[in-house]
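Let me begin by presenting the structure, written as structure tokens, before commenting on it.
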Protein chains: 2
Amino acid sequence: MEYTVQKLGKLAGISTRTLRYYDEIDLLKPARVSSSGYRIYGTKEVDRLQVILFYRELGMSLDEIKRIVRDPLFDRKQALIEHRMRLVDQRRQLDQLISNVENTIAFSEGRITMTDKDKFVGFKQQMVHENEQKYGEEIREKYGDEAIDQANQKVMDMTPEEHARVTQLADEIKAALAQAMQTGDPASDLAQKAAALHKQWLMFYWNEYSKEAHAGLAQMYVDDERFKAHYDQQQEGTAEFLRDAIHLFTGVKK
Amino acid sequence: MEYTVQKLGKLAGISTRTLRYYDEIDLLKPARVSSSGYRIYGTKEVDRLQVILFYRELGMSLDEIKRIVRDPLFDRKQALIEHRMRLVDQRRQLDQLISNVENTIAFSEGRITMTDKDKFVGFKQQMVHENEQKYGEEIREKYGDEAIDQANQKVMDMTPEEHARVTQLADEIKAALAQAMQTGDPASDLAQKAAALHKQWLMFYWNEYSKEAHAGLAQMYVDDERFKAHYDQQQEGTAEFLRDAIHLFTGVKK
DNA sequence: ATAATGCCTTCCGTAACGTCAAGGTCAATG
DNA sequence: CATTGACCTTGACGTTACGGAAGGCATTAT
């Protein structure tokens, strides 16, 4: 049995464009090409196409599928297991997204009082301010008291949407930290991402960023009981882990 | 406070390319452009950027975000609710994928005996064959007994991977049907997709497709107790629903 | 013979940027 | 003061898996 593009397309439920594309990327070549340039597929190609579509339905990329169908000795099971891991990871991220969206909706409906959260946020702001006092002398000399006051005013003037963004960043830091803790390596990509996010978060409170102040704040996370208790809430040793990550991130060691 | 692209990028944790892109698509324009063409952003733009990033973190498309930030009267809550729906839908599809991948892995490990499934598959083959006997006369006249025998041989010769693909298609039909049943409309997109998938599935058993035979088989799904019981397993009336969908799909009414 | 399909290649468009490349601008340094 | 190095600009291509359209032969049906 021989098939032209449209015949095969109808047989398999795909477009002719798709078949031409699969030819182009060397995923499925026709058995032969007629004198007038028509692609002619045989039964072997039909089988191969079904295999391709089978894996495509499982959400695999064509590149991955190409590796699978290229040689029959390829470890399909291993590929499937790795593919499942990716999917499960995607599902986890999607869960996180949905949870965040729902929180935002709840917030917009006023169903969340935010008192608890705000309590700690206010507390954090105070600590950040103290830290600035402690390490901000050079900044003060550089920019004067006015700049500092302006920064403080910035916190007070925060719009609801900036506030939402700050809360969001705090959540992201928490999520990244929890994941990074599993690697146990403060130099890992995830841990460094957490440190970068922490900097982002800080930028809402500081008008000028300095590595030294950031590193100093990180140390304070460990020294201060209240901070440590908060960060270690989910997992013991998170405060230290975050400090180490930030020290590596800033390149400043105490 | 004024910012160039890099300053603002570092402040917000995004690349300069992203800022230029946001300018290009009119999502975030600089406050002004310097005489030498540099983009200069002000505090208003910083705030707007934070709002943009907030919604971006929730997985929204930039196009959707543009609508949200363009005018402050936009119903953000409604947008969030619709966004959540899309995300939940994505999660459902992802769950389906994961389930299918896991089934495939289990199958490759031989953990699924397939006896139950194969029992029904064998049963289906028998019925399909009967159907062909019943409606295949015209085909028989057209192509001769040889073609029919060849088709039957095709079923017997099915490779494990074709078999997997057939099973996959059957699963997809089931999933599409279950969803389509909720609309209650056999002409709905989902129901028609189910009918199209059913045709795909049939192509593994038939060597020649005819609308009349397809429609006839659909009617048999309702008339035959065993078929009806199988399809109505999940939901009462599925067999009738599938028949109606296929009759609409083929344009053949009995 | 002609009209209707069917096939071909080539190119643009999609989302949200990353990554060069070529060239102008600005601040600081020798 | 010239030069370096950091920073800025536009422009263009690459990414995924095709959809769609244009323009031009080939085959088939009437």
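Each chain gets a letter, A, B and so on, in the order its sequence line appears, and its residues count up from 1. Predicted, not measured: the structure shown is a model, and the values here were computed from it. Computation of the quantities below employed the complete heavy-atom set of this structure, encompassing side-chain atoms and omitting hydrogens, waters and symmetry-equivalent molecules.
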Test item: A:Thr250 side-chain N/O and A:Ile246 main-chain N/O as donor-acceptor pair under 3.5 Å: yes
Salt bridge (charged side-chain N to carboxylate O under 4.0 Å, His left out), that's the test. Do A:Arg67 and A:Asp63 meet it? Break it down for me. CA-CA 7 Å; A:Arg67 279 196 289 275; A:Asp63 215 60; 3.4 Å; yes
Please work out whether the ring planes of A:Phe249 and A:His214 are parallel, tilted or perpendicular, with thresholds of 30° and 60°. perpendicular
Does anything in residues 57-65 of chain A come within less than 4.0 Å of DNA chain D? Heavy atoms only, and list the residues if so. A:Ser61, A:Leu62
Determine, for B:Asp26 against B:Lys66, whether the closest basic-nitrogen to carboxylate-oxygen distance falls under 4.0 angstrom. no
Can you pull the contact range of chain A along DNA chain D, 5' to 3', using atoms under 4.0 angstrom from its heavy atoms? D:dA17 to D:dT27
Can a donor-acceptor pair be found, under 3.5 Å and without considering hydrogens, that links the side chain of A:His83 to the backbone of A:Glu64? no
C:dT9 base to A:Arg20 side chain: any donor-acceptor pair below 3.5 Å? no
Hey, does B:Thr16 reach any base, or is it just sugar-phosphate, or nothing, if we go heavy atoms under 4.0 Å? nothing
Of A:Val51, A:Ile52, A:Val46, which is the lone residue that meets side-chain contact (heavy atoms from CB on, under 4.5 Å) with A:Arg48? A:Ile52
Using atom OH of A:Tyr3 as one end and atom C1' of C:dG6 as the other, report the distance to the nearest whole Å. 18 Å
Mind checking side-chain contact (heavy atoms from CB on, under 4.5 Å) for A:Ala194 and listing every partner two or more places apart, or none if nothing turns up? A:Ala176, A:Leu177
Does atom CG of A:Asp95 have more than 12 heavy-atom neighbours, drawn from other residues, nucleotides or ligands, at distances under 6.0 Å? yes
Under a 3.5 Å distance rule, please check whether A:Glu172 uses its side chain to pair with a backbone N or O of A:Leu197 as donor and acceptor. no
Look only at the side chain of B:Gln90 and the backbone of A:Leu94, and say whether a donor-acceptor pair between them is shorter than 3.5 Å. no
Symbol by symbol from the 5' end, with Watson-Crick or G-U pairs under 3.5 Å, [ ] crossing and | another strand, DNA chain D is ||||||||||||||||||||||||||||||
Residues of residues 88-101 of chain A with a heavy atom under 4.0 Å from any atom of DNA chain D, listed by number, are none
With a 4.0 Å cut-off on heavy atoms, is B:Ser15 in touch with a base, just the backbone sugar-phosphate, or nothing at all? sugar-phosphate
Under a 4.0 Å threshold between the charged nitrogen and the carboxylate oxygen, would B:Asp89 count as salt-bridged to B:Arg92? yes
May I ask you to decide whether A:Glu45 forms a salt bridge with A:Lys29, counting only side-chain N to carboxylate O separations under 4.0 Å? no
When rounded to whole Å, the OH to P distance for the pair A:Tyr21 and C:dG13 reads 18 Å
Below 4.0 angstrom, which residues in residues 35-46 of chain B have at least one non-hydrogen atom near DNA chain D? B:Gly37, B:Tyr38, B:Arg39
Do B:Leu53 and B:Leu49 have side chains that get closer than 4.5 Å, going by heavy atoms? yes
How is B:Thr4 classified with respect to the nucleic acid when contacts are heavy atoms under 4.0 Å: base, sugar-phosphate, or nothing? sugar-phosphate
Keeping A:Thr18 on the side-chain end and A:Ile14 on the backbone end, is there a donor-acceptor pair under 3.5 Å? no
For A:Glu2, is there an ion pair with A:Arg32 - N to carboxylate O distance below 4.0 angstrom? yes
Evaluate the side-chain proximity of A:Leu8 to A:Arg39: yes if any heavy-atom separation is below 4.5 Å, no if none is. no
Nearest-Å distance for atom pair CZ/C1', residues B:Arg17 and C:dC20: 11 Å
Please give, in whole Å, the distance from C:dG18 C1' to B:Leu19 CG? 14 Å
